Q: 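A single structure is presented below for examination.
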Amino acid sequence: MTKTISRRSFLKITGGTTAGLSLAATLPDRFLLWAEEQGMLKATYTPTFCEICFWKCGVMAKTINGRVVKLEGNLAHAGSRGKLCGRGNGGAGLLYDPNRLKTPLINVGARGEGKYRKASWDEALNVVAEKMTKIKEKYGPESMALFTHGTPTDHFLPLIQAYGSQNVGMPSFAQCRGPRDVGLELTFGEGIGSPERVDLANSKVVVLLGSHLGENMHNSQVQDFCDGIARGAKLVVVDPRFSVAAGKAHTWLPIRPATDLALILAWINVIVSEGLYDKAYIDSYAVGFNELAAAVKEYTPDWAAVETDIPAGKIIETARLMAKNAPAVCVHPGRHATWHGDDVQRSRAIGILAALLGSWGREGGLYLATTASFPKGESKPFPTPARDALNLGPYPFAGGEGVTQVIRSATITGNPYPIKGWMVTGTNLMKAVPNQKETIEAIKKLDLLVVVDVMPFDTAMMADVILPECSYLERHDALAVGKGKSLTVSLRQPVVEPRFESKPGWWIAKELGKRLGLAEYFPWNTLEDKIKSQCAAWGVNYNELKQKGSLTVPNTSNPYITPLNQPTFKTKSGKIELASSELKEKGFDAVPRYTKHPQPPAGEFRLIYGRSAVHTFSRTTNNPELNELYSENEVWLNAKKAAELGISNGAKVRLENQDGAVSNAVRAKVTERIREDCVYLVHGFGTNSKELSRAFARGADDQGLITRFAVDPICGSTGMRVNFVRIKKEGLDA
Ligand SMILES: Nc1nc2c(c(=O)[nH]1)N[C@H]1C(S)=C(S)[C@@H](COP(=O)(O)OP(=O)(O)OC[C@H]3O[C@@H](n4cnc5c(=O)[nH]c(N)nc54)[C@H](O)[C@@H]3O)O[C@H]1N2
Ligand SMILES: Nc1nc2c(c(=O)[nH]1)N[C@H]1C(S)=C(S)[C@@H](COP(=O)(O)OP(=O)(O)OC[C@H]3O[C@@H](n4cnc5c(=O)[nH]c(N)nc54)[C@H](O)[C@@H]3O)O[C@H]1N2
Ligand code: SF4
Ligand SMILES: [Mo]
């Protein structure tokens, strides 16, 4: 039976409604809205874009009397199309969070003790600049590292590069997309970008491996997914947990965790051995077919059934379903791909499957990016560091975004040269990077830890100096350029003035630059001036952009392959590499080969984790509006296992991992919706920061239990689903 579901009901299920005012709206908001309804006050709308996650949706911010009363989606913006997800709707909760960082703070206790005194901007910036200058003089500029995520990167990356360091680590690479991007680059010569070029609205079959769309709430992607299902796409969901997406699936394959590569290789085996692949496509565009065919011979459905715990018949049936509907098949390459340490190869296997189905560059598969682009501007070149950057580690295919834990290790060992200063902007390293003990150990070795943040989260509370950035609703940021089927440009501009003494990131970077003798790298007065000149150079009408928030350059290229629109592949061979020449050259398997990962011993469970539709990592856990919707995570535990352990639904438990790390007490969610061999937590909860009145110690911190991680030898990313936990009962049910 074909199940269909409307977009509206889907968004409702996922908590991603565009419902107007949240429950947490304050009395003044209600009064202002009432007064507006009565015609006593007038509302204004300011377009900008969201920073609650990195989909960067266009927002229309409604203000009355200088107060933001509602955030709506901007119809002109491709990522939101007039709708925001639940998190984006709750963005004003960040703006008005009473726990926000209000002034610069200087540590007066031991590092990590959390004792601060207020400081003026001038004093705080001078302290940071003096310490950075000392580090440069004593150890060289490469001894200062930047960890960064999100729009602050646009300001602080040029600052650190101008200062003379290339040591940059972004969790968006080594803890997130890294292996996916590298795997696809090795196969097709390019990745699928962000927003991902998945043509879900037009797919006949959608296959999700992990990717828990609906809980992973990337706005227009979920809209496309809903449209695809509403139009009758068949959905196959591979997940050890009955996710929200699994609830809409035609086939749910509750896979044994850490065995996805076996399933994908078996799918490839069926498609190759039954001759179901797109021969014309493979002949035209791919190399290495014979090598692939020989290598996957051993990966039969019967073999994979033992590994994956999915019946061979189901593997064959789903492989044929994909082949029958090809090329309009989207096997989603995922986004958070750092699972078990062989993640580049898993991503490559997904790419190879997509190639066999002929779905790269085809309607309903993975579409081609627009060829339109804006001209690159000229800027003053950065100095060349005297010593090689460490941030890519020994990994031959690590990306320019850097491998966070490599910088951390160098900080601990002092090898091959000391790292003495960390600047941290827009990332909560304690929650984002595995093995917190190592992060703390590294921080202890520093001469300077400076954190630029909006909220006093865990990492900020360890800083020597905290610099309070204003929220995204109070500032300009760099123009956001999107490359999907069309080229788009969006503006972030202040909706209201910065609250307290907080300042925009661009101002903080420029002021630090001035104090470090780097003023010439910031040759403009305000970021708005810079944006205006950029718009002029790009042929974008700034006034129109300011008024509409987002502009789309008329599309000149076709997102699909046609006889006249042939794809190019920037691989070594200029073709899709089913067997990778570059991997072979570096001593890795040219065709992905299955390696068995350890499974939890009796009495233990694999710890897996994911998203809540109404939270983003740790950053929203204290947001009054979102905290009200979901204030702490629960641990999902299989009902049969719970009965064996005598744990009832809602009972408080603690998780203890193989290294003796113990979680906060957390409620058990006893459910049939998860396999017996794993337990599941929503990521980001259980902060240690006492400054966060709503989030402090609420729920369990998955990262605290991820003391072990498996590094991918190809790109250096950290597989984090390799920890096993025991469940311990906590006192009486609360
Ligand atoms: N609401 C919300 N949405 C977000 C974010 C957010 O913080 N909040 N963050 C965004 C970001 S940056 C990212 S990277 C993405 C991440 O979101 P995804 O890319 O979708 O993350 P995954 O790790 O693929 O998915 C987690 C799912 O994997 C399942 N899983 C665990 N182990 C296995 C396994 O061995 N095999 C299989 N097949 N499944 C397994 C879990 O049960 C869970 O359902 O979400 C994005 N969207
Ligand atoms: N265990 C585990 N680890 C993970 C993941 C997981 O699911 N489980 N997910 C991984 C993934 S996919 C990713 S992308 C990373 C995400 O890693 P991070 O981006 O580090 O995620 P957050 O924990 O939300 O920390 C964000 C920090 O930035 C601050 N912040 C928010 N907005 C602003 C702003 O406008 N300006 C400034 N200056 N600061 C701001 C927040 O207050 C918070 O301190 O984590 C990765 N690590
Ligand atoms: S998906 Fe949601 S949180 Fe992310 S940018 Fe869009 S509205 Fe904001
Ligand atoms: Mo991510």
Side-chain angles (χ1 to χ4, degrees), residues 16 18 49-59 71 73-74 77 79-80 83-91 94 97 100-101 147-153 155-156 170-178 180 194-195 216-223 334-338 404 424-434 436 451-461 467-475 477 492 502 504-505 508 607-611 613-623 626 681-684 687 689 692 701-706 709 718 720-721 723:
T18 51
F49 65 85
C50 183
E51 178 87 10
I52 303 293
C53 85
F54 304 109
W55 211 247
K56 302 183 179 171
C57 293
V59 171
L71 300 176
N74 181 355
H77 187 272
S80 61
K83 296 180 165 68
L84 297 181
C85 83
R87 298 167 296 154
N89 273 139
L94 170 65
D97 190 332
R100 259 179 67 173
L101 290 166
F147 295 94
T148 183
H149 196 191
T151 50
T153 306
H155 316 303
F156 294 96
M170 304 190 202
S172 51
F173 182 83
Q175 282 72 44
C176 176
R177 295 179 281 102
R180 175 198 80 182
S194 172
N216 160 353
M217 222 12 248
H218 277 162
N219 190 346
S220 54
Q221 180 168 229
V222 177
Q223 294 188 37
R335 184 168 175 118
H336 173 67
T338 50
T404 41
V424 178
T425 70
T427 171
N428 185 2
L429 294 177
M430 286 294 289
K431 288 283 180 280
V433 184
Q436 293 170 342
V451 173
V452 181
D453 207 306
V454 185
M455 296 292 301
F457 270 106
D458 315 60
T459 314
M461 292 310 291
L467 301 176
E469 183 167 33
C470 56
S471 77
Y472 69 99
L473 293 167
E474 305 160 287
R475 67 187 196 223
D477 267 311
R492 173 166 291 149
S502 63
I508 302 172
L607 174 68
I608 61 172
Y609 53 79
R611 308 281 175 248
V614 295
H615 281 287
T616 304
F617 321 118
S618 72
R619 70 183 63 204
T620 54
T621 50
N622 200 65
N623 177 312
L626 301 176
L681 285 173
V682 167
H683 166 64
T687 174
S689 168
L692 300 166
D701 174 14
D702 56 329
Q703 200 64 282
L705 296 164
I706 302 179
F709 55 93
T718 57
M720 299 189 282
R721 292 189 181 147
N723 289 265

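Predicted model only: the values in this text are computed from it and were never measured. Whatever order the structure lists ligands and atoms in, that order sets their numbers, starting from 1.
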Q: Which one of G610, P468, P171, S618 has a non-hydrogen atom at the shortest distance from atom 23 (O) of ligand 2?
A: S618
Q: For ligand 2, note which part of R619 has a heavy atom under 4.0 Å away: side chain, backbone, both or neither.
A: both
Q: Do L473 and L71 make a side-chain contact, defined as non-hydrogen atoms from C-beta onward lying under 4.5 Å apart?
A: yes
Q: Show the atoms of ligand 2 that are less than 4.0 angstrom away from any heavy atom in C176.
A: 11 (C), 12 (S), 14 (S)
Q: Is it true that a side-chain atom of R180 and a backbone atom of G334 form a donor plus acceptor pair closer than 3.5 Å?
A: yes
Q: Using a 4.0 Å cutoff against the non-hydrogen atoms of I706, which atoms of ligand 2 qualify?
A: 1 (N)
Q: What atoms in ligand 2 come closer than 4.0 Å to a heavy atom of K431?
A: 3 (N)
Q: Closer than 4.0 Å to some heavy atom of R87 - which atoms of ligand 3 meet that?
A: 1 (S), 2 (Fe), 3 (S), 4 (Fe)
Q: Can you list the ligand 2 atoms lying under 4.0 Å from a non-hydrogen atom of H149?
A: 14 (S), 16 (C), 17 (O), 18 (P), 19 (O)
Q: Checking the side chain of D453 only, and the main-chain atoms of E469 only, is there a donor and an acceptor separated by less than 3.5 Å?
A: no
Q: Please determine whether side chain to side chain contact (heavy atoms under 4.5 Å, CB included) holds for the pair F156 and V452, giving the CA-CA distance in whole Å, both sets of side-chain angles, and the decisive distance to 0.1 Å.
A: CA-CA 10 Å; F156 294 96; V452 181; 4.0 Å; yes
Q: Are M430 and Q703 close enough that some pair of their side-chain heavy atoms sits under 4.5 Å apart?
A: no
Q: Please determine if D453 has a nitrogen or oxygen closer than 3.5 Å to a nitrogen or oxygen of ligand 2.
A: yes
Q: Kindly identify the option in G88, P195, C57 whose heavy atom sits closest to atom 5 (S) of ligand 3.
A: C57
Q: Does a side chain donor of either S80 or N219 reach within less than 3.5 Å of an acceptor in the other side chain?
A: no
Q: Would you kindly specify which portion of R177 sits under 4.0 Å from ligand 2, judged on non-hydrogen atoms: side chain, backbone, both or neither?
A: neither
Q: Side-chain contact test, heavy atoms from C-beta onward, threshold under 4.5 Å: evaluate it for T616 versus I52 and give yes or no.
A: yes
Q: Any side-chain heavy atom of H77 within less than 4.5 Å of one from V59?
A: no
Q: Does a side chain donor of either H615 or N623 reach within less than 3.5 Å of an acceptor in the other side chain?
A: no
Q: Which atoms from ligand 2 have a heavy atom of R611 less than 4.0 Å away?
A: 6 (C), 7 (O), 9 (N), 11 (C), 12 (S)
Q: Tell me the contacting part of M720 for ligand 2: side chain, backbone, both, or neither, using a 4.0 Å heavy-atom threshold, strictly below.
A: side chain
Q: Could you tell me which atoms of ligand 3, counted from 1 in the order shown, lie closer than 4.0 angstrom to a heavy atom of M217?
A: 1 (S)
Q: If you measure every N/O of E51 against every N/O of ligand 2, is any gap under 3.5 Å?
A: no
Q: Just heavy atoms, cut-off under 4.0 Å: does Q175 contact ligand 2 by side chain, backbone, both, or neither?
A: both
Q: Kindly confirm or rule out an N or O of V433 lying under 3.5 angstrom from an N or O of ligand 2.
A: no
Q: Parallel under 30°, tilted from 30 to 60°, perpendicular over 60°: which one fits the rings of H683 and F617?
A: perpendicular
Q: Distance only, no hydrogens: is a donor on one side chain within 3.5 Å (strictly under) of an acceptor on the other, for E474 and S471?
A: yes
Q: Only heavy atoms count here, so choose which of G426, C53, S471 is nearest to atom 39 (N) of ligand 2.
A: G426
Q: Where does R721 meet ligand 2, judged by heavy-atom distances below 4.0 Å: at the side chain, the backbone, both, or neither?
A: neither
Q: Nearest to atom 1 (N) of ligand 2, what protein heavy atom do you find, and at what distance?
A: D702 OD2, 3.0 Å
Q: Taking the side chain as C-beta and beyond, is there a heavy-atom pair between T427 and T459 under 4.5 Å?
A: no
Q: Looking at ligand 2, would Y609 count as a contact under a 4.0 Å heavy-atom criterion?
A: yes
Q: Please answer whether the main-chain N or O of P171 pairs with a side-chain N or O of T404 as donor and acceptor at a distance below 3.5 Å.
A: no
Q: Mind checking whether atom 2 (Fe) of ligand 3 has an N, O or S of C85 under 2.8 Å?
A: yes
Q: Tell me whether C53 has at least one N, O or S atom under 2.8 Å from atom 6 (Fe) of ligand 3.
A: no
Q: List the closest protein heavy-atom neighbour of atom 21 (O) of ligand 2: residue, atom name, distance to the nearest 0.1 Å.
A: F617 CD1, 3.4 Å
Q: Do S194 and R335 have a side chain donor and acceptor closer than 3.5 Å?
A: yes
Q: With a 4.5 Å heavy-atom cut-off, do W55 and R87 have their side chains touching?
A: no
Q: Whether the Q436 and D701 side chains hold a donor-acceptor pair (N or O, under 3.5 Å, no angle test) is what I'd like checked.
A: yes
Q: Any nitrogen or oxygen of R475 lying under 3.5 Å from a nitrogen or oxygen in ligand 2? Just yes or no.
A: yes
Q: Within less than 2.8 Å of atom 8 (Fe) of ligand 3, any N, O or S from C50?
A: yes
Q: Counting heavy atoms only, which of G150, A432, G704 is nearest atom 46 (C) of ligand 2?
A: A432
Q: Quick one: which ligand 2 atoms are inside 4.0 Å of a heavy atom on Q703?
A: 1 (N), 2 (C), 3 (N), 4 (C)
Q: Within a distance under 4.0 Å of any heavy atom of V454, pick out the atoms of ligand 2 and give their elements.
A: 32 (N), 33 (C), 34 (C), 35 (O), 36 (N), 37 (C), 39 (N), 40 (C)
Q: Do me a favour and list the nearest non-hydrogen protein atom to atom 20 (O) of ligand 2 with residue, atom name and distance?
A: T427 OG1, 2.7 Å
Q: Output, in order, the C-alpha distance, side-chain angles, deciding distance and verdict of side chain to side chain contact (heavy atoms under 4.5 Å, CB included) for T151 and E51.
A: CA-CA 8 Å; T151 50; E51 178 87 10; 2.8 Å; yes
Q: Under 4.0 Å from a heavy atom of K56: give me the atoms of ligand 3 that qualify, with their elements.
A: 5 (S)
Q: If we set the cut-off at 4.0 Å for heavy atoms, which region of P152 has an atom near ligand 2: side chain, backbone, both, or neither?
A: side chain
Q: Among protein heavy atoms, which lies nearest atom 38 (N) of ligand 2, and at what distance?
A: E469 OE1, 2.9 Å
Q: For the backbone of T338 and the side chain of R177, can you confirm whether one donor and one acceptor N or O come within less than 3.5 Å of each other?
A: no
